[in-house]
There are 2 protein chains.
Amino acid sequence: MDVRTLCLGALMGGEATGYEIRKMFEDGTFSHFQIASLGSIYPALTKLTQDGLVTFVEHEQENRPDKKIYQLTQEGRRTFLRTLLQTRPAEDRYRSDILFMLTFAEEMPIELTEALIDEFAARHELMSQQIDPENTDKPAHQKSNAHDENGELKPGCCFVAGLGQAMCDATLKFIRENKQGLLDELKSRKTKKS
Amino acid sequence: MDVRTLCLGALMGGEATGYEIRKMFEDGTFSHFQIASLGSIYPALTKLTQDGLVTFVEHEQENRPDKKIYQLTQEGRRTFLRTLLQTRPAEDRYRSDILFMLTFAEEMPIELTEALIDEFAARHELMSQQIDPENTDKPAHQKSNAHDENGELKPGCCFVAGLGQAMCDATLKFIRENKQGLLDELKSRKTKKS
DNA sequence: CTATCATATATCAGTTCGATATAGTCAATC
DNA sequence: GATTGACTATATCGAACTGATATATGATAG
């Protein structure tokens, strides 16, 4: 799924600036299962404007560089929905340096192994908190995209969030139950070797 | 983690060709949490050879294009282990078109939503089977990297595999328990609207 | 008998990331 | 009262990487 399509999707929740779109992928609704950087979002928005799929209004008022608020056109909305129907979703891909490194646990000091596992757990703990769309810690001004016009939580988002949380919980549970066992095993191997 | 480091890691398990390294990331040991394509592996191996971190032996015997079997040098091995100690692991990143699309479940036909969920489940079912390093379905000639010189399963790999399986299981369980609920919710919203 | 798949290397266009530049506001810290 | 860092906001660019393609051949399946 290319950044153009992702931008259209981001704008399905209402108007936004390029910066706000990035935030949706950085901290917001989509952050846990899609990635897009500013370096790809801005060119994508330019292209989409040329193709008539989005329009923008410039707001100059604030002394700062002009703020371009983008919005889907009808054509853009139709194109996005058509893409959803026609696109065969790509394979999921998960990328984790920590898991890759843990693969070599035997070659590392045990303290590093433990630190990596703890880091992994901490990140998933944090993620679990961030995922919850009901979580009102977040500043209200942030466009959440998870709620529809009536402020109701969209069922699709709810499902996806629940799934994410289930995965986090499973990860944390596994670590609780297996971390010590791994460390013990590594220790006993080290002593056997020497 | 750049491809050079990934290649060094791949060669920690013993000698391999560029093609075999790709397989480790495509189907093999690392496939579920790291990605590397041929287009990046070959240049990386060339660079590593220049830097003296790997060496290769050309085997021409088979009528086919020369087969270059790469191997870590001592310097390469040391460099990799040093990298493990010094590198701050990057954030995990998960990318899923299916979850992104499901976010817009309300705007899609219910059949598509159901198909996407089923596809998601099927992929995780398959992944769960593939992950198991004990799984001997795989052709024996494949270098698994999950076993050490003595044929024993490496504890780090075992831990990572278990974690992956726990995540798959949690995903499948969540889908079993929540799929119908989502579909019902979507149906009731559609009828309410019309 | 002809696809298609698997092995194996190599190259390249296009996409994307990550860093950087610019620039103003605001809060905090020193 | 001054500097530092964080946030908003757009834009650009080099470096890295993916995915596709080319080449070559043997094996296997239809």
Side-chain angles (χ1 to χ4, degrees), chain A residues 1-7 10 15-28 30-31 34-50 54 56-70 88 90-95 97 138-143, chain B residues 1-7 10 15-28 30-31 34-49 54 56-70 88 90-93 95 97 138-143:
Chain A
M1 220 152 232
D2 59 20
V3 181
R4 274 194 295 292
T5 308
L6 295 180
C7 286
E15 52 178 31
T17 65
Y19 188 75
E20 284 170 330
I21 292 176
R22 194 211 53 166
K23 280 206 299 180
M24 293 180 206
F25 292 99
E26 192 90 345
D27 330 299
F30 305 130
S31 60
Q34 284 293 342
I35 301 136
S37 67
L38 282 174
S40 52
I41 289 172
Y42 284 118
L45 288 172
T46 305
K47 185 86 197 322
L48 287 169
T49 306
Q50 282 165 12
V54 304
F56 65 87
V57 183
E58 268 179 283
H59 288 238
E60 316 179 35
Q61 70 268 45
E62 300 165 58
N63 262 17
R64 306 196 197 171
D66 302 5
K67 186 177 179 176
K68 293 180 189 170
I69 300 181
Y70 288 88
R88 243 233 117 200
E91 286 286 319
D92 288 20
R93 31 185 46 197
Y94 176 57
R95 197 159 192 157
D97 282 3
K138 301 174 199 163
H141 63 85
Q142 264 198 24
K143 322 220 165 206
Chain B
M1 224 157 228
D2 60 19
V3 181
R4 272 193 297 289
T5 307
L6 296 180
C7 286
E15 52 177 33
T17 65
Y19 188 75
E20 284 170 330
I21 292 176
R22 194 212 51 169
K23 280 206 298 180
M24 294 181 206
F25 292 98
E26 192 90 347
D27 331 301
F30 305 130
S31 60
Q34 283 294 341
I35 301 137
S37 67
L38 282 175
S40 53
I41 289 172
Y42 284 117
L45 287 173
T46 305
K47 184 86 198 320
L48 288 169
T49 307
V54 305
F56 64 89
V57 183
E58 269 179 284
H59 288 236
E60 317 179 35
Q61 70 267 45
E62 300 166 57
N63 259 19
R64 306 194 197 173
D66 301 5
K67 187 177 177 175
K68 292 180 189 167
I69 300 182
Y70 289 89
R88 242 233 119 200
E91 286 285 320
D92 289 19
R93 30 185 47 197
R95 197 161 191 153
D97 282 3
K138 300 174 200 163
H141 64 83
Q142 266 199 21
K143 322 219 166 209

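Atom set for the values below is all heavy atoms of this structure, side chains included, hydrogens, waters and symmetry mates excluded.
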A.B. asks: Would you indicate which nucleotide in dC7(D), dA11(D), dA6(C) comes nearest to any side-chain atom of Tyr19(B)?
C.D. replies: dA6(C)
A.B. asks: Just to verify, what does Phe30(B) make a ring pair (Phe, Tyr, Trp, His ring centres under 6.0 Å) with, not counting sequence neighbours?
C.D. replies: Phe100(A), Phe25(B)
A.B. asks: Which one, dG19(D), dA11(D), dG18(C), comes nearest to the side chain of Arg93(A)?
C.D. replies: dG19(D)
A.B. asks: How many Å lie between CG on Leu6(B) and C1' on dT18(D), as a whole number?
C.D. replies: 14 Å
A.B. asks: Round to a whole Å and report the spacing from NZ of Lys67(B) to P of dT9(C).
C.D. replies: 8 Å
A.B. asks: Starting at atom CD1 of Ile69(A), determine the distance to atom P of dA9(D), rounded to an integer number of angstrom.
C.D. replies: 8 Å
A.B. asks: Whether Lys23(A) contacts dA9(D) is assessed here as follows: a side-chain N or O lying under 4.0 Å from the phosphate OP1 or OP2. Is that the case?
C.D. replies: no
A.B. asks: Say you draw a straight line from NZ of Lys67(A) to CD of Glu58(A); how long is it, rounded to the nearest 0.5 Å?
C.D. replies: 12.5 Å
A.B. asks: Tell me: CG of Asp27(A) to P of dA6(D), nearest whole Å?
C.D. replies: 15 Å
A.B. asks: Rounded to whole Å, please give me the gap between CD in Glu20(A) and C1' in dC7(D).
C.D. replies: 13 Å
A.B. asks: Can you tell me the distance, in whole Å, between the NZ atom of Lys47(B) and the P atom of dA15(D)?
C.D. replies: 13 Å
A.B. asks: Please tell me if Thr17(A) has a side-chain N or O lying less than 4.0 Å from either OP1 or OP2 of dT8(D).
C.D. replies: no
A.B. asks: Tell me every residue that passes side chain to side chain contact (heavy atoms under 4.5 Å, CB included) with Thr46(A), counting only those two or more places apart in sequence or in another chain.
C.D. replies: Gln50(A)
A.B. asks: In whole angstrom, what separates Leu45(A)'s CG from dA9(D)'s P?
C.D. replies: 14 Å
A.B. asks: Roughly how far, to the nearest 0.5 Å, is SG of Cys7(B) from NZ of Lys47(B)?
C.D. replies: 12.5 Å
A.B. asks: Specify the separation, in whole Å, of atom CD1 of Ile41(A) and atom C1' of dG18(C).
C.D. replies: 13 Å
A.B. asks: Hey, what are the protein-to-nucleotides 11-16 of chain C N/O distances that come in under 3.5 Å?
C.D. replies:
none

A.B. asks: Could I get the full list of salt bridge (charged side-chain N to carboxylate O under 4.0 Å, His left out) partners for Asp97(A), not counting sequence neighbours?
C.D. replies: none
A.B. asks: Only counting residues at least two apart or in another chain, list the ones meeting salt bridge (charged side-chain N to carboxylate O under 4.0 Å, His left out) with Arg22(B).
C.D. replies: none
A.B. asks: Excluding sequence neighbours, so at least two apart, what forms ring pair (Phe, Tyr, Trp, His ring centres under 6.0 Å) with Phe56(A)?
C.D. replies: Tyr70(A)
